[in-house]
Amino acid sequence: MSEYAVELKRVSKHFGPVVAVDGISLYVRDGEFFSLLGPSGCGKTTTLRLIAGFELPTAGEVFIGGKLQGEIPPYQRPVNTVFQNYALFPHMTVYKNVAFGLEMRKVAREEIRQRVLEVLEMVRLPGVENRKPSQLSGGQQQRVALARALVNRPKVLLLDEPLGALDLKLRKAMQLELKALQQRVGITFIYVTHDQEEALTMSDRIAVMNHGRVLQVGTPEDIYERPTDRFVADFIGETNFLEGQVMGSRTGEAVVVVDGILTLHVPLERNVGMGEKVTVAIRPEKISLHADPPDPRAVLGVVKELVYTGTDSRYIVQLTDNVLITVRQQNVGIGDSGRFALGAPVYLHWQPQSARLLTA
Amino acid sequence: MAVQPRSRRETWRLLFLISPSLFWLIIFFLIPLLLVFAISFGQRGIYGGVRWDLTLRNYVRFFDPLYLRIFYRTVIIALMTTILCLIIGYPQAYFIATRRPRWRNAFLLLLMIPFWTNFLIRTYAWLLLLRDQGFINTFWTSGLHGFLLRLAEMIPLPIWDALLRATSTPLPLFGTDGAIIAGLVYDWLPEMILPCYAAIERLDYSLVEAAQDLYANRFKTFTRVILPLTMPGIVAGSVLVFIPSLGAYVVPDLLGGAKSIMIGNVIYSQFMAVRDYPFGSAISFVIMVVMLVGSLIYFRMGSEGSR
Ligand SMILES: Nc1ncnc2c1ncn2[C@@H]1O[C@H](COP(=O)(O)OP(=O)(O)O)[C@@H](O)[C@H]1O
Ligand SMILES: [Mg+2]
């Protein structure tokens, strides 16, 4: 028995000239809430369909529970899918929809009844057994789709943007509910979303995808705090990118010169060559503003723009002729106290490890 | 939803919009229908005219075993035609509907091309195929027979006798119910394929995937999901084939010979040969009522199955 619920080994999927999935490898642990995160068209759905068996890989191998899937058809794989549009059978009642998988596996009638009612209770949807899907709201349909998959107690549950069609408030509530449900039942979830906040909130681990490739796999904190790739840093949250050149390196630290005059000290996680072009990434909320330099490494700039957004103030600060940087400060006080005026000189300061060195 | 009370002006506007079709229906459908209905209570005049009356004689006469037997045969032939059209047409519709969009239209076009030929000519073609001196029997009695004859000379086997005897006379194809059914199936097949195609093409393919995801193999996916969801197409196609088959008279006239006739031929001969208009009208009316009631029940069944 493998420790992984699902493994993809160098899997590719081509549709004619289109490379939807480009040699990805993924290792999803048993009982994990694993998200595939990326912009629309990056190959998330295709990856999920490769696991479910609706598509066969052009190259590479898919394992479920340590077993090579090869050309095993979808109806023989121990996974169930919650489809993006729910795909509830319109000619069957909710009860029949949820019972479908159990009936196909010839579970005894009495047990089916018990399990269906139980799972409807679990998704907090009791009493709608005899309705048709068209008589339910979008949120209720979503729960039926979830129940229809969960009732089979699959090894892995595949969810393709299951909350995409719900309004914001319902979506937020369902995120927490889904996460709690997953922890309760202990089934491995592979969850597809293009919503970074959703992925950060719910996942144990996230794989960030773009153009059919996996760019980084890690915990939400890894992905947010320690992005290894410019796309990842940009896609998740807001980031300042400062392009510069390595002008020297000391133990564990590189000296990067931006725009010819601005010197930054950035922690090193790999070797860089002298003169190499690099990008320094710093999140706006990691920077603090000061009237006097708190540290010899603080950087001086001028406030060019100030936007009040309720919880925060957003500053655009000019560092050099060509470099602007965004800074977010929480509005701790009330009124103008602690805020900097337009045109005022400010010192920018951040923890050394808040700056990330990325390949240009 | 409750019907909103309409303003008088809107009622007039709607009436105006439907007036051309209303006019058409009244002149060419309703009035002739009422005429036929009235005639069906009359009596045949001595020289073939209609003597107006209010008798039920014509309706009673329909229940004569002679006509009932023909009517029964007609229903069976129409049913067989419908079932065969379904068996041939549904898989074909499924095949077309699951091709790529640009291929679908090409296949539909191919399907329609034979039907640009005149209906009579197409039916006549079947006559050339099926009759005793037709293409099939020419092949059977000379081509195949001769071939077997030569084979029998070379390899002696006990079965040759039976085979040679069978191929020495033409197959009884022409003038049978089978010939009529073949002609009707050929004529009405598109009427089955098109509604089935429309229903299958409209089917949300993710439902098929959902069924497979829930452990249904191909067969179960078909019986539990695809078939019930495309039932409206099957119902529509069946009605579109069954009704004209029930009223067919050209096809049985040409392919049924003297032995096999359908109720359509009886009606035809009442009007054109015997000139008993009242009896012909009565039969027409009985059939119309049977069709109407049958279709209503069938549609009700179909829409329940798919809802
Ligand atoms: N059946 C298909 N035929 C052709 N191209 C496809 C097919 N399915 C997906 N693609 C292409 O593959 C790429 C990835 O699609 P998809 O996996 O649906 O992305 P995502 O779910 O991340 O939005 C897209 O460019 C899409 O157009
Ligand atoms: Mg998708």
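First the proteins, then the strands, lettered A, B, ... as listed; each starts at 1. Just the heavy atoms: all of them, side chains too, but no hydrogens, waters or symmetry mates, feed the values below.
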Chain B contact via [X] - side chain, backbone, both or neither, heavy atoms under 4.5 Å:
X: A:R77; result: backbone
X: A:L102; result: neither
X: A:E103; result: side chain
X: A:F83; result: side chain

Problem set entry | Pair B:L229-A:F89, side chain to side chain contact (heavy atoms under 4.5 Å, CB included): steps then yes or no | CA-CA 9 Å; B:L229 287 175; A:F89 303 125; 5.6 Å; no

Can you confirm whether [X] is buried at [atom1], in the sense that more than 12 heavy atoms of other residues, nucleotides or ligands lie under 6.0 Å from that atom?
X: B:Y72; atom1: OH; value: no
X: B:M80; atom1: CE; value: no
X: A:K96; atom1: NZ; value: no
X: A:R124; atom1: CZ; value: no
X: A:R113; atom1: CZ; value: no

For this session: Counting only heavy atoms closer than 4.5 Å, note whether B:N217 contacts chain A via side chain, backbone, both or neither.
Result: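 Contact with chain A: backbone and side chain both.
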
Exercise. Tell me, do B:D213 and A:L158 make a side-chain contact under 4.5 Å, heavy atoms counted?
Worked result: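 They are not in contact (no side-chain heavy atoms under 4.5 Å apart), so the answer is no.
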
Exercise. Do A:H91 and B:M231 touch side chain to side chain, with heavy atoms closer than 4.5 Å?
Worked result: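 No - every pair of side-chain heavy atoms lies 4.5 Å or more apart.
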
Looking at every heavy atom in both [X] and [Y], which two are closest together, and how far apart are they?
X: A:N80; Y: B:L214; value: ND2-CD2, 3.7 Å
X: A:Y75; Y: B:R218; value: CE2-N, 4.3 Å
X: A:A87; Y: B:A210; value: O-CB, 3.8 Å
X: B:R224; Y: A:F100; value: CB-CE1, 3.8 Å

For this session: Working to the nearest 0.5 Å, report the span between CG of B:L207 and CG of A:N85.
Result: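 The CG atom of B:L207 sits 7.5 Å away from the CG atom of A:N85.
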
